[in-house]
Amino acid sequence: MENRKYAEAILPVIAKQAKTIEQIAKKLGKTKTTITTYINDCRNRGHDIEKIKRDGVFLFRYINKNAA
């Protein structure tokens, strides 16, 4: 799959601050469906991506286990 090659590009975007799918898609210039696929692919690889609901909106955040 070609998306596996680019899926981890979302991790730095959501590492420091939680963002919505729309914000991630705008930042990377991808569609919302592609970003959803990337999130699922990263989770399948073992990356810890949290889904948080804040003010009725779902936000995604990456928790890096190697960071201090």
Side-chain angles (χ1 to χ4, degrees):
M1 282 187 183
E2 188 172 319
N3 64 352
R4 291 179 185 263
K5 186 176 178 183
Y6 300 105
E8 292 180 355
I10 67 168
L11 297 180
V13 175
I14 59 176
K16 295 188 180 194
Q17 185 177 8
K19 297 189 188 284
T20 64
I21 289 181
E22 290 84 7
Q23 291 171 328
I24 300 166
K26 185 177 179 182
K27 175 106 176 158
L28 296 178
K30 304 285 183 182
T31 64
K32 292 189 286 185
T33 305
T34 302
I35 297 302
T36 303
T37 304
Y38 285 1
I39 289 171
N40 290 333
D41 192 43
C42 286
R43 283 181 173 159
N44 290 340
R45 290 181 178 190
H47 295 289
D48 190 15
I49 298 177
E50 270 188 354
K51 183 177 182 181
I52 306 163
K53 188 172 184 179
R54 189 178 299 156
D55 297 328
V57 178
F58 286 106
L59 302 171
F60 294 89
R61 187 176 76 174
Y62 172 57
I63 310 227
N64 190 356
K65 295 177 183 174
N66 296 334

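- The shortest heavy-atom contact between Cys42 and Ala7 is SG-O, 3.4 Å.
- The shortest heavy-atom contact between Glu8 and Pro12 is O-CD, 3.5 Å.
- Between atom CZ of residue Phe60 and atom CD1 of residue Ile39 there is a gap of 4.5 Å, rounded to the nearest 0.5 Å.
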request  = Would you check, one step at a time, whether the test side chain to side chain contact (heavy atoms under 4.5 Å, CB included) holds for Lys51 with Arg43?
outcome  = CA-CA 11 Å; Lys51 183 177 182 181; Arg43 283 181 173 159; 3.7 Å; yes
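- Put simply, Leu59 and Ile14 are part of two different groups of oily side chains (I, L, V, M, F, W, Y) that touch within less than 4.5 Å, one to the next.
- Scanning both residues, Ile21 and Thr36, for their nearest heavy atoms gives CD1-OG1, 3.6 Å.
- Residues Ala18 and Arg61 come closest through the heavy atom pair CB-CB, 3.9 Å.
- Rounding to the nearest 0.5 angstrom, the gap separating the CZ atom in Phe58 from the OG1 atom in Thr20 is 12.0 Å.
- Each salt bridge (charged side-chain N to carboxylate O under 4.0 Å, His left out) pair with one or both residues in residues 16-32, not counting sequence neighbours, appears once here: Glu22-Lys32.
- Within the model, atoms CG of Leu11 and NE2 of His47 stand 5.0 Å from one another, a figure rounded to the nearest 0.5 Å.
- To the nearest 0.5 angstrom, Asp48 atom CG is 8.0 Å from Tyr62 atom OH.
- Between Ile10 atom CD1 and Ile35 atom CD1 the span is 6.5 Å, to the nearest 0.5 Å.
- If you take CD1 on Ile24 and OG1 on Thr34, they are separated by 12.5 Å, rounding to the nearest 0.5 Å.
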